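Per chain, numbering begins at 1; letters A, B, ... match sequence-line order. Since we're looking at a predicted model, the values are computed, not measured.
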2 protein chains.
Amino acid sequence: MSNSLSNKDVEFLTALYYKENMNNTNRVIVSRRDRPAKDPLSRELIVRTAYELLKEQGLAGMSMRKVAKALDTGPSSLYVYVNNLEELNSYVLDSGLGELVLPDSGEGSWKDRLFGALNSYFLLLIENPGLAEISFSTIPRGDKYMELIEYILAALHEGGVSPKSAAWGVDLLLLYVTSIAFEKHTWRKNGTMQPLDIKETFKNADPIRFPFIRSLNEQMFSEGTELQERFRWGLEATLQGIQLNNK
Amino acid sequence: MSNSLSNKDVEFLTALYYKENMNNTNRVIVSRRDRPAKDPLSRELIVRTAYELLKEQGLAGMSMRKVAKALDTGPSSLYVYVNNLEELNSYVLDSGLGELVLPDSGEGSWKDRLFGALNSYFLLLIENPGLAEISFSTIPRGDKYMELIEYILAALHEGGVSPKSAAWGVDLLLLYVTSIAFEKHTWRKNGTMQPLDIKETFKNADPIRFPFIRSLNEQMFSEGTELQERFRWGLEATLQGIQLNNK
DNA sequence: TATCATTAACGAACAGTGTTCTTAAAGAAC
DNA sequence: GTTCTTTAAGAACACTGTTCGTTAATGATA
């Protein structure tokens, strides 16, 4: 058994200490001047710190408390600059989108530009799976995301897609990209059942009840370089669907 | 200031009480025989209870502790039948999928059956948004889900879609259905920024930087009966894309 | 029938979470 | 020099999933 103090002990003792020194006189307060200078808090600093944590440890590593600790402060301090976690998430998402480089307009065909934009969005999410996680639990808001939407709308317009189909199409395309990136991430992190186990389940599926699953299970799982091919295929399919359903 | 005991007080006192009565003699133990008879726990009972909570209160209302409380037991009791929350989620998801009714094979064209199946999956997720939530955080495993996949694969096969395209296409179609259902749910529950606020953001977008967003914002938001139309459109588009990219 | 081994059940505790309330310090304005 | 306002931060609240260890009841064995 450990001989050190438990969390609760420490909590109790610090509380006691705090209370002891509350009797107005003799308060023990360390002036902030005596401590090393700290950058003053700001939303920008908070978001930047959170984004760094996200990149290093994923969404789970980016709690309010962990961000606060990284900034060497208490969790409540953050609430001056950010209303809640949901909001911080959306700021971080937009901050991440800042790293997105869209092809210069006028470069290549509209389709090249469209796929270029979506591909660089895809790569960003793959490189930084935390962003993919966030984008599923957060309604994206912010300039960078709007720029991406605007860019796609413009490309689709150039491609002769009608306004309504374009409006619904952006959604479809972005949904697709985010989902594939997120799916890849979910499968990578080891839950109760690993991808391999799933593979086994499909491979060993009862051939009487599930003949198609049995015969297709080679095609169902793609990895490595195949992912790019599959991603491209879905993009192509989705785009063609949009173009054909012009209304 | 409240005069009642805090959680921590109660914790402390009960712990004390517990320890006091540990001295072998004079133990205060309520025989289980004296309590009203309780159904014995089982995975099935746990999953059923969890699913009920999910339907009533969504994913947030389906924690291990809440399920345990609903079963009038402690949280640890559940771990005999279920390894962790993730696993419970996947059981609940499959349990929900049990309510899915797929069109009889041989009824209508392959496309009718395909869309019929996807539509009833969609309706199930809309009626029970908790399921949509789960399906995003959980790799679906279980017989019911495999039946759905098998059904779709069979329909696509009948429609002349190649094996590879079919395998990738199921994914695309299911991803689409889940995403739309989930999106609708996310927008409904009021976060920091309501759908209306988002609408405003788009409506008031700078017409110089975002001309397309400005001119298309009517089309970007659909609700009510329009949702069905939009859902159908996306389905049609996705399917056509799959068919055209036969490889 | 009495003893033993097994197991389901479950309370307590641990280590976390987001958020709020309150108070203290610092800086600005008068 | 005194007020007012903003920023910071500690403590507390009400949760979360999961683990550990101890009971109480059950079924099998002697």
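For the pair A:Leu85 CG and C:dT20 C1', the interatomic distance rounds to 15 Å; values are reported in whole Å. Note: CD (B:Glu86) to C1' (D:dT16) measures 16 Å, nearest angstrom. In this entry the distance linking OH of A:Tyr79 with P of C:dT20 reads 7 Å, nearest Å. Between B:Asn84 atom CG and D:dG17 atom C1' there is a gap of 9 Å when expressed in whole angstrom units. Across the protein-nucleic acid pair, A:Glu87 atom CD and C:dG18 atom C1' stand 14 Å apart, rounded to whole Å. Taking atom CD1 on A:Ile46 and atom P on D:dA9, their separation rounds to 11 Å, with Å as the unit. Spacing between atom CG of B:Leu78 and atom C1' of D:dG17 amounts to 11 Å, rounded to whole angstrom units. Atom-to-atom, CG of A:Asp72 to P of D:dA9 comes out at 8 Å; the value is rounded to the nearest Å.
Ion pairing between a basic and an acidic side chain is recognised when a charged N comes within 4.0 Å of a carboxylate O; B:Glu56 and B:Lys66 show no such pairing. Taking 4.0 Å as the cut-off between side-chain N and carboxylate O, A:Glu147 and B:Arg209 count as a salt-bridged pair.
Contacts between residues 58-68 of chain B and DNA chain D, defined by a heavy-atom separation below 4.0 Å, involve B:Ser63, B:Met64, B:Arg65, B:Lys66, listed by number.
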Exercise for review: Show your working on side-chain contact (heavy atoms from CB on, under 4.5 Å) between A:Leu97 and A:Asp143 and close with a plain yes or no.
Suggested key: CA-CA 9 Å; A:Leu97 254 38; A:Asp143 265 26; over 6 Å; no

Practice problem: Test salt bridge (Lys or Arg N to Asp or Glu O under 4.0 Å) on B:Glu52 and B:Arg48 and set out the steps. | Solution: CA-CA 6 Å; B:Glu52 234 118 87; B:Arg48 203 167 50 229; 5.9 Å; no

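For a distance-only test at 3.5 Å, the side chain of A:Thr73 fails to qualify as a donor-acceptor partner of the base of D:dA8.
Ring centers of A:Phe231 and A:Tyr176: under 6.0 Å apart, within the cut-off.
Residues A:Val80 and A:Pro75 each lie close to DNA chain D; by heavy-atom proximity, the contact nearer the 5' end of the strand is made by A:Val80.
The phosphate of D:dT7 has neither OP1 nor OP2 within less than 4.0 Å of any side-chain N or O from A:Tyr81.
Residues A:Glu87 and A:Tyr91 bring a donor and an acceptor atom of their side chains to less than 3.5 Å of each other.
Between A:Phe136 and B:Phe182, the ring-plane angle classifies as tilted under the 30° and 60° cut-offs.
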